[in-house]
Amino acid sequence: MNALIERRLEELTELKNKNFETYAYSFDVNNYSNDIKNNYEALEGKDVSIAGRIMALRRMGKASFAHIQDKLGKIQIYLRGDDIGPEYEAFKLMDIGDIIGVTGYVFKTKTGEISVHGRSLKLLSKSIRPIPIAKETVDEQGNKVVHDQFADKELRYRQRYVDLIVNPEVKDTFIQRSKIISEMRRYLDNLGLVEVETPILQPLYGGASARPFISHHNALDIDLYLRIADELYLKRLIVGGFDGVYEISKDFRNEGMDRTHNPEFTMMEMYVAYKDYIWMMETVENMVASICNTVYGTTKFTIEGKEIDFTPPWDRMSMVDELLKVTGLDVLKATKEELTAALKKFGGEPEKNTSKSALIDELFEASIQFKITQPTFVIDYPVELSPLAKKHRTKEGLVERFEGFVLGREICNAFSELNDPLDQRQRFEAQVKMREEGDEEAHQVDEDFLRALEYGMPPTAGLGVGIDRLVMLLANQPSIRDVILFPQMKPEKKEKAE
RNA sequence: GGGUGCGUAGCUCAGUGGUAGAGCAUCUGCCUUUUAAGCAGAGGGUCGGUGGUUCGAGACCACCCGCGCUCACCA
């Protein structure tokens, strides 16, 4: 197994013996691959200095071609022994994967490929582990065909650094992710919101229904929880007089992993005083449309083969009205037995000891949610499902809450925030009862949060957006692992030291 | 956690019980405009692991490890 590595170590030793530097300190780069290709007319015959990783090698005795890859892409270099002198001896000891710096002039080869004719060459870093390099051809239609592409998903996730080197579209996905977050931040800043940081280690976890990771503080000798949401701290800041705040950061939930769940994931939460959920719906659709336009230049996407249009306004759908239409049940008046029967009719499997509100939620998922394709706000949820949302101003038994769905998947959750401290205390108490009845994910009572509400919180609209899922949609990636650089994996078997 | 599929050379993959294979990558030789460079040759394997069945196992059986898909749980 080590034959390839041993060979490279020998080359490394040989380079050192010949007094070639093998791990350089710096190199002055003044051009990049695709910039050179895009500005050929201006650069033809001019000297450029580029640096990158050797991705292909074609040696022909005393001259060689290679492709090097930098941050923008690949470009061919041409090296002749006559031109670069003794460095050509070093070049003979270089491999695919080595990082080099090249200075030379821009030219086109016989076949018309824009290339750099090297005048000098410097090894910047010797690679001693072979990279799983793929080769490319172009078919009759002019499409790129990649041969033997590095495809092993396990290795790609575990060794993302290799994935990024050899699969350019992976890097592109993460650049898209970065741009989406940047544009979101810019949009929220322009709304006048203040970006804040609140505790990740929390003595009580709240703001969502989920099981937490538990840690321990030695000096205080107390357990602390990794947050499952930011909500209760951000609302404390609204109490404190910030009119609008947001936070973009990791939350942690100690639950199963699958295509749409990673134990740590990125959430954007925002809270804006004096606004309600109606305002928030408009803000969400406008913000997403703005991100789409800035990052992709359009609000119309093809995602998983379906045309999706993020152009505002998005559809609004009342949860209970739609359930009445689809199932014929007035879910607020229906009994648990009726709900269970309806759920079974739609192929759902009701959990034992499930509350009525949970049954309504499951019925909604089974009968309606999965069919939602275009961006849609589902509004007005049963009160039991939403212990932090404000009671609906006109509809009994409901709260002012919406979730945004695209392609059957939730991308955001928002309410008119509950600011009545007495009501909030009752809701927490109802959660305590659910916990006692076995619901591990019921909320805890947060007395300090209640105390904050007792000082008075203005009417407030709040929102949470799952960034990973938003990126999955816009970048058209099927798994959350494809939008998280280092997704959680089971521990690797210990390899023998190499 | 359940179901299901997969794990063979650095990578991508063939191999249905009888000597471990191919392409690319690597190495040697030739080659100063090649581009999946070419030509000639060579090396490279604990077939995920442990047991078992068998005269004989990469293949069959059991268990274990890891990954994918899917269901459940869960946003």
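Side-chain atoms are counted along with the backbone in the values below, which use heavy atoms only and exclude waters and symmetry mates. Quick note on labels: first sequence line is chain A, next is B, and so on, each numbered from 1. Remember, it's a predicted structure, so these values are computed and weren't measured experimentally.
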Same-atom distance ([atom1]) from [N] to [M], integer angstrom:
| N | M | atom1 | value |
| --- | --- | --- | --- |
| B:G51 | B:A57 | P | 14 Å |
| B:G45 | B:U8 | C1' | 8 Å |
| B:C24 | B:A37 | P | 10 Å |
| B:U54 | B:C65 | C1' | 26 Å |
| B:G52 | B:A40 | P | 48 Å |
| B:A14 | B:U53 | P | 31 Å |
| B:U12 | B:G48 | P | 14 Å |

Test log, rule side chain to side chain contact (heavy atoms under 4.5 Å, CB included), inputs A:Thr198 and A:Arg227: CA-CA 10 Å; A:Thr198 64; A:Arg227 68 172 164 211; 3.2 Å; yes
Starting from P on B:C11, measure out to CD1 on A:Ile96 and report it in whole angstrom.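 My rounded result for the distance is 15 Å.
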Between P on B:U26 and CD1 on A:Ile54, what's the gap in Å once rounded to a whole number?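 In whole Å, B:U26 P and A:Ile54 CD1 are 11 Å from each other.
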Could you identify the nucleotide paired to [N], looking across every strand shown and requiring Watson-Crick or G-U wobble geometry with both distances under 3.5 Å?
| N | value |
| --- | --- |
| B:C73 | none |
| B:G51 | B:C61 |
| B:C39 | B:G29 |
| B:U19 | none |

Looking at [options], which one has an atom nearest to any side-chain atom of [X]?
| X | options | answer |
| --- | --- | --- |
| A:Lys135 | B:G68, B:A36, B:G66 | B:A36 |
| A:Arg58 | B:U33, B:U34, B:G68 | B:U34 |
| A:Met60 | B:C74, B:U32, B:C24 | B:U32 |
| A:Ile133 | B:C69, B:A25, B:G23 | B:A25 |
| A:Glu154 | B:G66, B:U28, B:C74 | B:G66 |

Less than 3.5 Å between a donor and an acceptor, one on the side chain of A:Gln76 and one on the base of B:U34, is that the case here?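 When only heavy-atom distances are counted, A:Gln76 does reach the base of B:U34 through a donor-acceptor pair under 3.5 Å.
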B:C24 base to A:His147 side chain: any donor-acceptor pair below 3.5 Å?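 Checked by distance alone, the answer is no.
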Salt bridge flag under 4.0 Å for residues [X] and [Y]:
| X | Y | value |
| --- | --- | --- |
| A:Glu417 | A:Lys235 | yes |
| A:Glu89 | A:Lys92 | yes |
| A:Glu441 | A:Arg211 | yes |
| A:Lys250 | A:Glu264 | yes |

By the 4.0 Å heavy-atom rule, please label [X] as base, sugar-phosphate, or nothing.
| X | answer |
| --- | --- |
| A:Glu10 | nothing |
| A:Arg59 | base |
| A:Ala210 | sugar-phosphate |

